[in-house]
Structures are given as structure tokens and as C-alpha cells.
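Here is the structure we will look at, set down as C-alpha cells.
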Amino acid sequence: MEETYKDRTSLVKGAKDIAREVKRQAVKKVNKAVDKAQDGYTQRSYNRFQDEEDDDDYYVQGGNYGVEANDDEGSSEATEGHDEDDEIYEGEYQGIPNMGQGKDGIVALGQPMHDEYKDRHELETERKADEEELAQQYELIIQECGHGRFQWALFFVLGMALMADGVEVFVVGFVLPSAETDMCIPNSGSGWLGSIVYLGMMVGAFFWGGLADKVGRRQSLLICMSVNGFFAFLSSFVQGYGFFLFCRLFSGFGIGGAVPTVFSYFSEVLAREKRGEHLSWLCMFWMIGGIYASAMAWAIIPHYGWSFSMGSAYQFHSWRVFVIVCALPCVSSVVALTFMPESPRFLLEIGKHDEAWMILKQIHDTNMRARGQPEKVFTVNRIKTPKQIDELIEIESDTGTWYRRCFVRIRTELYGIWLTFMRCFNYPVKDNTIKLTAVWFTLSFGYYGLSVWFPDVIKHLQSDEYASRVKHFRNEEVSHFVFNFTLENQIHSNGEYINDRFIMMKFKSVTFEDSLFKNCVFEDITSLNTYFRNCTFVNTTFYNTDLEQYKFVDSELINCTFFHIRTGCQISFDDDYSAYWIYFVNFLGTLAVLPGNIVSALLMDRIGRLTMLGGSMVLSGISCFFLWFGTSESMMIGMLCLYNGLTISAWNSLDVITVELYPTDRRATGFGFLNALCKAAAVLGNLIFGSLVGITKAIPILLASTVLVCGGLVGLRLPDTRTQVLM
């Protein structure tokens with residue numbers, strides 16, 4: 001009898017040892033050969049144990065082993081020699097594995113397979129099923145929360161960020177002439193300012209969009225808008241052109257993340273039936289940003305008297321005041337964003353159920369209080385969260401220093417953004433990404449290309465008209481005369497000026513050719529586009545003028561004296577209506593977007609996104625042919641307004657389609673990539689169309705109409721998202 005009990009005790013201890021060994025081998029994930037041998041040994045031991053159990057009343061309860069003796073002696077003998085290290089606590093061991101469960105993992109009887117025993121394909125399949133269930137449930141939750149005060153508050157906060165993006169695009173064109181003159185930028189370097197800003201926006205759109213899918217929409221938007229605001233303010237104070245370019249580059253890099261993050265953020269708090277309309281209303285803030293920039297430029301930049309200087313080294317002109325004013329929408333959005341919560345859809349996507357539930361409850365309670373129904377209770381108790389798949393990150397051993405840790409963290413985040421971007425080309429979103437790439441590129445190329453072509457053509461027409469009114473004076477002989485008035489748009493050839501005085505004068509677009517100046521005095525002279533070509537100066541004095549050496553082309557100066565020459569570039573808008581005209585044209589072109597915005601917002605959910613996208617792009621392409629009849633400034637401005645009014649519907653519908661076609665875990669990344677492509681197409685369009693100004697109309701018209709019509713036809717092949725929930 002005693003030997004029998006000892007055998008039983010040994011068998012129980014052996015089963016415990018087997019159980020611990022099985023668990024250890026499962027965690028370590030040994031190779032299949034070891035798994036197979038272990039399974040065989042486990043099964044044989046289990047069969048032997050089951051035979052003894054049938055004979056001696058051992059039993060299994062819920063997967064945990066317990067021993068029940070027939071008498072007191074058996075009970076005491078069974079526990080004899082018990083070691084606390086061998087204690088099997090509840091939940092620690094869930095039974096002997098079942099051979100029928102396959103070779104991919106070893107799990108307990110009656111228990112689900114643990115995640116560490118599954119391969120990545122199984123985990124991704126489960127996550128996809130969870131995401132589909134979450135999408136349906138989340139739509140019902142948002143409908144229960146309603147559309148009210150919370151969405152409108154977020155609408156205006158995100159609208160300020162989108163307004164800052166619109167301002168950034170217009171700021172470059174408005175400050176470029178003044179900045180070039182103030183910083184004495186040669187013509188060879190003047191084109192860098194516009195290109196560098198678009199380069200920063202292109203990189204920023206991709207980076208911040210990817211970061212929004214990693215750290216959250218609110219967090220990413222706060223950081224990118226802060227970067228934009230800081231460098232925008234800094235750029236208004238720097239004096240050197242190189243440092244100014246650096247500041248505008250990082251300012252563009254910051255604002256590049258506004259569009260993809262804003263639309264991803266706002267779409268995730270809107271119900272299906274409200275999404276298209278309210279995203280279209282949100283697009284209106286980009287137009288407001290353009291109007292704001294045009295109005296501020298019109299009101300501030302031409303007022304040269306607003307400037308001040310600190311010696312000759314520091315100059316603060318009115319265009320710098322304009323740059324500061326244009327940074328105010330960005331600062332306002334940063335302040336307002338600090339009071340807004342993170343997107344609950346994003347929090348659910350990364351498994352933060354409790355935080356998402358609290359925010360959804362906040363949305364519900366805010367809207368119900370605004371409706372006068374504070375007693376209405378948020379009925380959702382549990383929300384489905386997708387299965388989280390841990391990413392294994394290899395960290396180097398030499399990360400003890402802080403800068404090494406920062407480097408590893410940055411490299412890891414960038415690699416994560418790249419992986420998310422590559423998933424945009426995986427099934428089932430691969431085809432949609434390719435089609436969206438074609439539509440974004442063609443629309444951006446045609447829109448921005450013609451947008452820069454229109455103003456340049458208008459300026460070209462103005463220049464031709466101005467040149468047609470030039471006055472010619474030949475063989476003048478003037479002596480002992482005092483010139484104290486303004487000379488403008490004149491050409492003086494073969495003249496002789498003896499003992500004349502030029503005092504308190506302004507020369508604007510004046511050219512002297514083959515002329516003689518003898519015993520003359522030039523005092524307090526301000527000149528613009530004024531040159532002396534092949535002229536001779538004898539015994540002439542120059543005092544307090546801006547007539548520098550480069551203005552004397554192939555001229556001879558004999559015994560001449562210069563006192564207090566004003567070097568550098570001089571800004572003056574006196575008697576110059578062209579600056580006002582440029583701002584006014586941009587103001588009208590931006591204001592013409594208003595009817596298109598209203599129409600697209602009202603019809604987005606009625607006629608569908610695809611109909612609006614394809615129809616708007618095709619009509620925009622057809623409208624390009626009306627440019628054949630643009631022979632005057634007023635007609636070109638009318639064509640510009642018509643073109644902008646038609647294309648805005650395409651932009652709005654494209655924004656809505658983009659956020660609805662991508663799932664939450666790569667929505668901002670996909671949008672950021674497409675927005676970066678938009679900026680690259682804009683730079684390409686500016687270069688190509690800008691080079692054709694004054695040469696021919698046929699190529700720009702045919703090129704723009706072709707790409708717009710082709711892009712619209714591709715857009716019609718996209719899936720209709722009007723009735724879909726937000727995946």
C-alpha cells in the first residue's frame with residue numbers, strides 16, 4: 001500500500017514537472033523538432049497518468065490538477081514532501097496540451113490560443129476582423145453622440161490651422177518682391193524663396209502625416225503648427241537672405257502637416273451622413289486664409305512709412321510686419337488646440353479603450369447639454385478595440401547616452417512611418433492609392449501651373465502696355481536748368497546737359513543713352529529701373545543719391561565726385577499702383593472660390609463625391625479654352641475667377657474621398673503622401689508654365705486642359721464612399 005502511494009506521489013510530481021517544461025518550451029518557442037518530441041513525450045505521460053487516475057480517483061477540475069484521497073492516510077501521504085516552488089496557482093497552469101491543436105502553439109484545454117503562439121498572419125487577420133467590427137460600432141456611437149457644439153468647436157479650431165496653411169501659400173508671393181529688394185537679392189537667387197517653401201511643405205506633409213498615425217492627430221498637429229509659428233515669427237526679424245530662406249523652409253515644413261492631419265482629425269468625429277458636407281465647409285477656411293493674406297498685404301506692405309531701422313545694419317520694413325500678422329492664425333490654432341481632446345477613433349485603434357470612451361462621453365454630454373437634454377445618458381459601456389500587434393524593435397547596446405537614445409528613437413519613428421507608408425500600397429488599398437496619386441498630381445499640376453501663369457500673363461500685359469506709353473526725347477540741349485520733378489517711363493537719347501542741377505528728384509523707368517553731363521549736380525535722387533547707357537559725365541557731383549556703379553552702363557566718368565551714396569536696395573511704393581493691383585487680383589481670385597465652396601458643401605452628400613470630382617475637373621479643363629480670348633487684363637482676371645470657382649469643387653471632393661478611402665491606421669500617412677505629391681506637382685507646374693509666359697498661349701492651354709480632363713476621368717474610377725462607414 002505504501003509503495004502504491006509513493007508511486008502515485010511520484011507520478012503527480014512528474015506531471016507537474018512535465019507541465020512546467022511544456023510552458024517553458026512554449027514561451028521560448030523552440031523549433032519544430034523539439035516541439036514534436038515534446039508533444040510525443042507529453043502525450044505518453046498524459047495517457048499513463050490518465051490510466052492511474054481512473055483507478056485511483058485523481059481528477060482534473062477546470063484544467064487544474066487536485067488530489068482527493070479515499071482516507072486520511074492517503075491525503076497526508078499525497079502531500080508529503082511538497083515543495084512551495086512546485087505550487088501550481090490558479091491561472092498559472094491550464095492543463096496538458098491537446099495534440100489536436102496543431103503545431104503552431106501549445107495551449108491549454110478549453111483555453112484560447114495566446115498571441116505569442118500565433119504567427120503574424122493570424123494576428124493581422126484577427127485585427128482586420130476587429131477593425132471591421134469597430135468601424136460599424138463606432139459609426140453607431142458617433143450617431144448616438146450627435147452633431148452639435150463639440151463638432152462646431154473643433155470645426156473652428158481646425159479651421160484656423162487650415163487657414164494658416166492657406167496664408168503660407170500666399171505669403172511667399174506677396175513678400176517675394178519686397179524681400180528681394182530689401183535684401184538685395186540678385187535675379188539668380190530670387191526663385192529660391194518660392195521653391196524652398198514648397199520643398200518644406202512637401203517634406204512636412206509626408207512626415208507629419210505619418211507621425212499623426214503614430215502619436216495621434218492632436219499631438220502631431222500641435223507640434224507642426226508650433227514649428228510653423230516659431231519660424232514664421234523668426235523669419236520676420238532676420239536680415240540675411242540665407243537665414244531668411246532657412247526660416248521659411250522650416251516654416252513650410254511645419255505647416256505641411258496641417259492639411260493631412262486636420263482632415264483626418266475632423267473626419268473621425270463626424271457621422272457618415274454629415275461627413276461630406278462638413279468637411280467641405282472646413283475647406284472654406286483655406287479660402288479665408290487666402291483672403292486674409294491678400295487683405296493684409298494690401299493694407300500693410302505698400303505703407304513704407306511703417307518701417308524703422310536701428311543703424312544701417314538692421315532694417316524692419318512693412319513687409320516684415322505683414323509676415324508677423326500672417327502668423328497669427330497659426331498661433332491662434334495652437335492655443336485653441338490645447339483645449340481639444342485627441343481623436344477617439346485613433347485611441348481605439350491603438351487599444352486605449354478607456355481614454356477613447358471618456359472622450360466619446362465628453363462629446364455626447366457636450367452636445368446633449370447644448371440641446372437642452374443634460375439628463376440623456378451615454379449608453380455605451382464597451383467598445384471593440386482591434387487586437388494590438390507588438391512591433392519588435394532592436395535597440396543597440398550602446399544607447400547609454402542621451403543623444404544615442406534620441407537618435408535611436410528618431411530612427412525608430414522614421415522607420416515606423418516608412419512601414420506605414422508602404423502599407424498604403426498593400427491590398428486592398430493599393431489600387432486606390434495609385435488612382436489617387438494620378439488624380440492628385442494632375443489636379444495640382446494644372447491648378448498651380450495656371451495659377452502662376454495667370455498673374456504672370458497679367459503682369460506681362462501690363463508691361464507691354466506700360467512700354468507702349470514710353471516717351472522718347474532725342475537731341476536735347478539743356479543748360480543752367482533745375483530739374484526738381486519726377487521723370488517716369490522716358491528714354492533720352494543724344495542729349496547734352498550743361499550746368500544743370502537735378503535736385504529732390506525721382507527717376508522711374510528712365511534711360512539716358514549716348515548723352516553728355518557736364519558740370520552738373522545730382523542731389524537727393526531716388527531711382528527705380530533707371531540706367532545711364534554709354535553716357536559721359538564731366539566735373540559732375542553726386543550727393544545723397546542711390547546712383548550706384550551698376551547703373552552706369554558703359555559710361556565714362558571724368559573728374560566726378562560722389563558724397564553719401566545710398567547703397568543697397570531701396571523699397572518704395574510711392575506712385576506705384578502695381579503692388580495694389582497684384583494684391584487685388586489675388587483677392588478677387590480667392591474670393592471667386594466662395595460660390596464653388598458653397599455648392600460643393602451643399603451637394604457633396606447628394607450627388608456624390610465622384611460625380612463632383614470628375615465633373616469639376618472636366619469642366620475646369622474645358623474652361624481653359626476660353627483663355628484664347630483673354631487679350632486684356634480685365635478678361636484675364638475674369639478667366640482666373642471662373643477657373644478657380646470650378647476647380648475648388650474638385651479639391652473639396654478629393655479631400656473627402658481621400659480620408660474615406662484609407663483606414664484609420666494609415667489615413668494621415670496616405671493623405672500626407674498625396675499632399676506631398678501635390679506640392680511637388682505644384683513646383684513642376686510653376687516651372688513649366690512660368691517659362692511659357694509671353695511666348696505662347698497654346699501650350700499652357702492644351703497642357704492644362706489635357707491633364708485636368710485625364711485626371712477627372714481617372715477620378716471617376718475610384719470607389720464611391722458616400723455610403724461607407726469610416727474604416
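- Ring pair F253/F250 is perpendicular by interplanar angle, where above 60° counts as perpendicular and below 30° as parallel.
- Ring geometry for F552 versus F562: interplanar angle over 60°, hence perpendicular rather than tilted (30 to 60°).
- Residues in residues 668-683 take part in these side chain to side chain donor-acceptor pair (under 3.5 Å) pairs, two or more places apart or across chains: D213-T669, N675-K679.
- A donor-acceptor pair is defined here as one N or O able to donate and one able to accept, closer than 3.5 Å; no such pair exists between the side chain of S220 and the backbone of R217.
- Remark: aromatic rings of F671 and W440 are close, center separation under 6.0 Å.
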### Task
Determine, step by step, whether L279 and D655 satisfy the side chain to side chain contact (heavy atoms under 4.5 Å, CB included) criterion, reporting the C-alpha distance in whole Å, the side-chain angles of both residues, the deciding distance to 0.1 Å, and the verdict.
CA-CA 8 Å; L279 286 176; D655 291 334; over 6 Å; no
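- Looking only at side-chain heavy atoms (C-beta outward), T545 and D524 stay at 4.5 Å or farther from each other.
- The backbone N or O of S264 sits less than 3.5 Å from a side-chain atom of S267, completing a donor-acceptor pair.
- Between L221 and A258, the closest heavy-atom pair is CD1-CA, 4.1 Å.
- Side-chain atoms of L654 and M617, non-hydrogen and from C-beta on, never get closer than 4.5 Å to each other.
- D546 and S527 are linked by a side-chain donor-acceptor pair at a separation below 3.5 angstrom, with hydrogens and angles left out of the test.
- Between L588 and C641 the shortest side-chain heavy-atom distance falls below 4.5 Å.
- Nearest heavy atom pair, residue C330 against residue N228, reads SG-OD1, 3.2 Å.
- Looking only at distances, a side-chain donor or acceptor of T433 sits under 3.5 Å from a matching main-chain atom of C424.
- Taken from CD in E488 to OG in S509, the straight-line distance is 6.5 Å, to the nearest 0.5 Å.
- W651 and S444 make their closest contact through CH2-OG, 3.3 Å (heavy atoms, listed as atom of the first residue, atom of the second, distance).
- Here CZ of F346 is found 9.0 Å from NZ of K214. Values are rounded to the nearest 0.5 Å.
- Residues L337 and M160 have side chains not in contact (no heavy-atom distance under 4.5 Å, counting atoms from C-beta outward).
- Using a 4.5 Å heavy-atom cutoff, the side chains of D665 and R423 are in contact.
- Put simply, the side chain of F207 reaches to within 4.5 Å of the side chain of L414, judged on heavy atoms.
- Residue-environment remark: OH (Y543) stays at or below the threshold of 12 foreign heavy atoms within 6.0 Å.
- Under the ring pair (Phe, Tyr, Trp, His ring centres under 6.0 Å) criterion, F507 pairs with no residue, sequence neighbours left out.
- The aromatic rings of Y447 and Y643 lie parallel to each other, with less than 30° between the two planes, well short of the 60° mark.
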### Query
Under the side chain to side chain contact (heavy atoms under 4.5 Å, CB included) criterion, do I255 and M225 qualify, and how do the steps go?
CA-CA 6 Å; I255 200 62; M225 298 303 294; 3.8 Å; yes
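- Counting only heavy atoms from C-beta outward, the side chains of L154 and Y265 approach each other to under 4.5 Å.
- How far CG of L613 is from CD1 of I657: 5.0 Å, rounded to the nearest 0.5 Å.
- Without hydrogens or angle criteria, R667 side chain to V659 main chain gives a donor-acceptor distance under 3.5 Å.
- Counting non-hydrogen atoms of other residues, nucleotides and ligands closer than 6.0 Å to CZ of F425 gives a total above 12.
- S623 places a side-chain N or O within 3.5 Å of a backbone atom of S620 that can act as its donor or acceptor partner.
- Side chains of F244 and R248 form a contact here, defined as non-hydrogen atoms less than 4.5 Å apart.
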### Task
Could you check S600 against I648 for side chain to side chain contact (heavy atoms under 4.5 Å, CB included), going step by step and ending with a plain yes or no?
CA-CA 8 Å; S600 63; I648 190 60; 5.7 Å; no
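- The cationic atom of R533 (NZ for Lys, CZ for Arg) lies less than 6.0 Å from the six-membered ring centre of Y531 and within 45° of the ring axis.
- Panel note: side chain T706, backbone L702; a donor-acceptor pair is recorded below 3.5 Å.
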Considering only distance and modelled atom types, tabulate donor-acceptor pairs under 3.5 Å from the side chains of residues 282-295, sequence neighbours left out.
residue	atom	partner	partner atom	Å
W286	NE1	D165	OD2	2.8
Y292	OH	V325	O	2.9
S294	OG	G290	O	2.9

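- Judged purely by atom type and a 3.5 angstrom limit, S616 uses its side chain to pair as donor or acceptor with the backbone of L646.
- In terms of heavy atoms, C247 sits closest to V238 at SG-CG1, 4.2 Å.
- Between atom CG of residue L245 and atom CG of residue L199 there is a gap of 11.0 Å, rounded to the nearest 0.5 Å.
- Without hydrogens or angle criteria, S555 side chain to V553 main chain gives a donor-acceptor distance under 3.5 Å.
- Of all the heavy atoms in S705 and I701, the pair that sits closest is OG-O, 2.9 Å.
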### Task
Evaluate the criterion side chain to side chain contact (heavy atoms under 4.5 Å, CB included) for residue pair Y198 and V169; output intermediate values, then yes/no.
CA-CA 8 Å; Y198 275 100; V169 172; 3.6 Å; yes
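- Not counting sequence neighbours, the partners of F206 by the ring pair (Phe, Tyr, Trp, His ring centres under 6.0 Å) test are F421.
- In this structure, F322 has no ring pair (Phe, Tyr, Trp, His ring centres under 6.0 Å) partners at least two apart in sequence or on a different chain.
- Checking side-chain atoms of N644 against main-chain N and O of V593 turns up no donor-acceptor pair under 3.5 Å.
- Partners of F230 by ring pair (Phe, Tyr, Trp, His ring centres under 6.0 Å), not counting sequence neighbours: none found.
- Across all non-hydrogen atoms, the minimal contact from I417 to L211 is CD1-N, 3.8 Å.
- Atom OG1 of residue T530 and atom CG of residue L547 lie 8.0 Å apart, to the nearest 0.5 angstrom.
- A distance of 8.0 Å separates SG of C326 from CE of M296, quoted to the nearest 0.5 Å.
- Remark: side-chain polar atoms of S235 are not paired, donor with acceptor, to backbone N or O of F233 under 3.5 angstrom.
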